[in-house]
Amino acid sequence: MLAWARLLKFPNLSAANYTITSPENPDYNCAAWAAGDDQAWWWPSPDVPECYWPTSRRDGSLDAITEGFGALGYSACESPELESDYEKVAIFANDDGPTHVARQLSTGRWTSKLGKLEDIDHSTLADIESDLYGRPVLFMRRPLEEQEEANT
Amino acid sequence: MTIDNRLPATPFAGTVTVPRPCSVPPLTGMSARMSLFETLSRISSPVSSVGRADARRRFTELAKEWHEATDHLSSPSQIAMHPAYQRIIGMGPSAVPFILEDLRRSGGQWYWALHAITDASPVPPGVRHTSREVEEMWLRWGREHGYSEEHGYIDWMVRSVGVGASS
């Protein structure tokens, strides 16, 4: 179980809707995990070359995140509902801009890396909505064959 | 001679002065550098140990607050905007050995602070580096620039009075 102090940051999480799938690891973050990378920190950060981003736009914006995942074969879609031939990601934002990326699993559940903390498997996107992450503002999908090619 | 035992609030703004002996011929080259280094080490040793303990205590408190508040975040800019992180940046070069130590021990997005304090960029942009590679590049930079855990503070004081540059 997540430490109680962490649970306070995610008031919608409960023992019934999430499981921890890997321990704390500062080597990668949510965007890297959504992209299938568990070795680097991904973010379109303009002033931090230590962060990787697959496209040249690095202004920290939602558009930059969209372009980055676009380069991985994703395009915007209407909803987070499971579609058997697609893999989806959901991008969260609050008033400060993009905050988080979650990836949908083949079961329809979602996997999220919480910053440098744990990976969790959670039932719905609402489970991690919070003041700090905001809410999902964009959904993207890519055909599953592209996912397989991107991972080879 | 009176020595101001207070540490400067910001780097390079200090008032520590090194006495120049007038009755002996000036030393040159490495001899001068070693002599001045030893003199400075003796003069500043009590200052360093006290100031360093304070700096470590302050850093530890701020870093704990920052980790608790931001470890679940991904955006480096949002992580760096936390007030505790900004106060660590405000500590200047005296924080760098502690930052590198925390980076080695716990990882995390210390890079914004390292850039802000040191103006260094040891990591080539535009290339995917693993987090371990990035961390090692900064730790190596720290060793090469005298920010090792053992010598970081005295090296900062040596540079703050320009010993290496003037001798």
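Worth knowing before you read on, the calculation uses all heavy atoms, side chains too, and leaves out hydrogens, waters and symmetry mates. From a predicted model like this one, the values you see are computed outputs, not experimental measurements. Chain naming here is simple, since letters A, B, ... match the order of the sequence lines and numbering starts at 1 in each.
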Heavy-atom distance under 4.5 Å to chain A: side chain of Ala69(B), backbone, both or neither?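 For Ala69(B), the contact with chain A is made by the backbone alone.
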
Can you say whether Leu114(B) sits under 4.5 Å from chain A via the side chain, the backbone, both, or neither, judging by heavy atoms?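 Interface part for Leu114(B): neither.
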
Atom pair OH/CD1 of Tyr147(B) and Ile117(B) - distance to nearest 0.5 Å: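 Separation between the atoms: 8.0 Å.
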
For residues [X] and [Y]: do they belong to one hydrophobic cluster (side chain heavy atoms under 4.5 Å, members Ile, Leu, Val, Met, Phe, Trp, Tyr)?
X	Y	answer
Ile20(A)	Phe10(A)	yes
Ile65(A)	Val137(A)	yes
Val48(A)	Met81(B)	yes

Can you pull out all donor-acceptor pairs below 3.5 Å that join chain B and chain A?
{"from": "Glu68(B)", "atom 1": "O", "to": "Lys9(A)", "atom 2": "NZ", "distance (Å)": "3.2"}
{"from": "Asp71(B)", "atom 1": "O", "to": "Lys116(A)", "atom 2": "N", "distance (Å)": "2.8"}
{"from": "His72(B)", "atom 1": "O", "to": "Gly115(A)", "atom 2": "N", "distance (Å)": "3.3"}
{"from": "His72(B)", "atom 1": "O", "to": "Tyr133(A)", "atom 2": "OH", "distance (Å)": "2.6"}
{"from": "Ser74(B)", "atom 1": "O", "to": "Trp41(A)", "atom 2": "NE1", "distance (Å)": "3.0"}
{"from": "Ser74(B)", "atom 1": "OG", "to": "Asn29(A)", "atom 2": "ND2", "distance (Å)": "3.4"}
{"from": "Ser74(B)", "atom 1": "OG", "to": "Cys30(A)", "atom 2": "N", "distance (Å)": "3.4"}
{"from": "Gln78(B)", "atom 1": "NE2", "to": "Pro98(A)", "atom 2": "O", "distance (Å)": "3.1"}
{"from": "Ser106(B)", "atom 1": "O", "to": "Lys116(A)", "atom 2": "NZ", "distance (Å)": "3.3"}
{"from": "His115(B)", "atom 1": "NE2", "to": "Glu50(A)", "atom 2": "OE1", "distance (Å)": "3.0"}
{"from": "His115(B)", "atom 1": "NE2", "to": "Glu50(A)", "atom 2": "OE2", "distance (Å)": "2.9"}
{"from": "Arg128(B)", "atom 1": "NE", "to": "Asp37(A)", "atom 2": "OD2", "distance (Å)": "2.8"}
{"from": "Arg128(B)", "atom 1": "NH2", "to": "Asp37(A)", "atom 2": "OD1", "distance (Å)": "3.0"}
{"from": "Arg128(B)", "atom 1": "NH2", "to": "Asp37(A)", "atom 2": "OD2", "distance (Å)": "3.0"}
{"from": "Ser131(B)", "atom 1": "N", "to": "Gln39(A)", "atom 2": "O", "distance (Å)": "2.8"}
{"from": "Ser131(B)", "atom 1": "OG", "to": "Asp27(A)", "atom 2": "O", "distance (Å)": "2.5"}
{"from": "Arg132(B)", "atom 1": "NE", "to": "Asp27(A)", "atom 2": "OD1", "distance (Å)": "3.3"}
{"from": "Arg132(B)", "atom 1": "NE", "to": "Asp27(A)", "atom 2": "OD2", "distance (Å)": "3.0"}
{"from": "Arg132(B)", "atom 1": "NH2", "to": "Asp27(A)", "atom 2": "OD2", "distance (Å)": "3.2"}
{"from": "Trp138(B)", "atom 1": "NE1", "to": "Glu50(A)", "atom 2": "OE2", "distance (Å)": "2.7"}

Contact class of Pro44(A) relative to chain B, heavy atoms under 4.5 angstrom: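 Neither the backbone nor the side chain of Pro44(A) comes within 4.5 Å of chain B.
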
Is it the backbone or the side chain of Cys51(A) that comes under 4.5 Å from a heavy atom of chain B, or both, or neither?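 It is the side chain, since no backbone atom gets that close.
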
Return each pair, listed once, that meets salt bridge (charged side-chain N to carboxylate O under 4.0 Å, His left out) where at least one residue sits in residues 75-86 of chain B; pairs must be two or more places apart or across chains.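 Counting only pairs at least two positions apart or across chains, no salt bridge (charged side-chain N to carboxylate O under 4.0 Å, His left out) contact touches residues 75-86 of chain B.
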
Residue pairs, two or more places apart or on separate chains, that pass salt bridge (charged side-chain N to carboxylate O under 4.0 Å, His left out) and touch residues 75-86 of chain B: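 Every candidate salt bridge (charged side-chain N to carboxylate O under 4.0 Å, His left out) pair involving residues 75-86 of chain B fails, so no pair, neighbours aside, qualifies.
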
Evaluate the criterion side chain to side chain contact (heavy atoms under 4.5 Å, CB included) for residue pair Phe92(A) and Leu125(A); output intermediate values, then yes/no. CA-CA 9 Å; Phe92(A) 284 67; Leu125(A) 294 171; 3.9 Å; yes

Between Phe69(A) and Val101(A), is any pair of side-chain heavy atoms under 4.5 Å apart?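 Contact flag for Phe69(A)/Val101(A) side chains = yes.
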
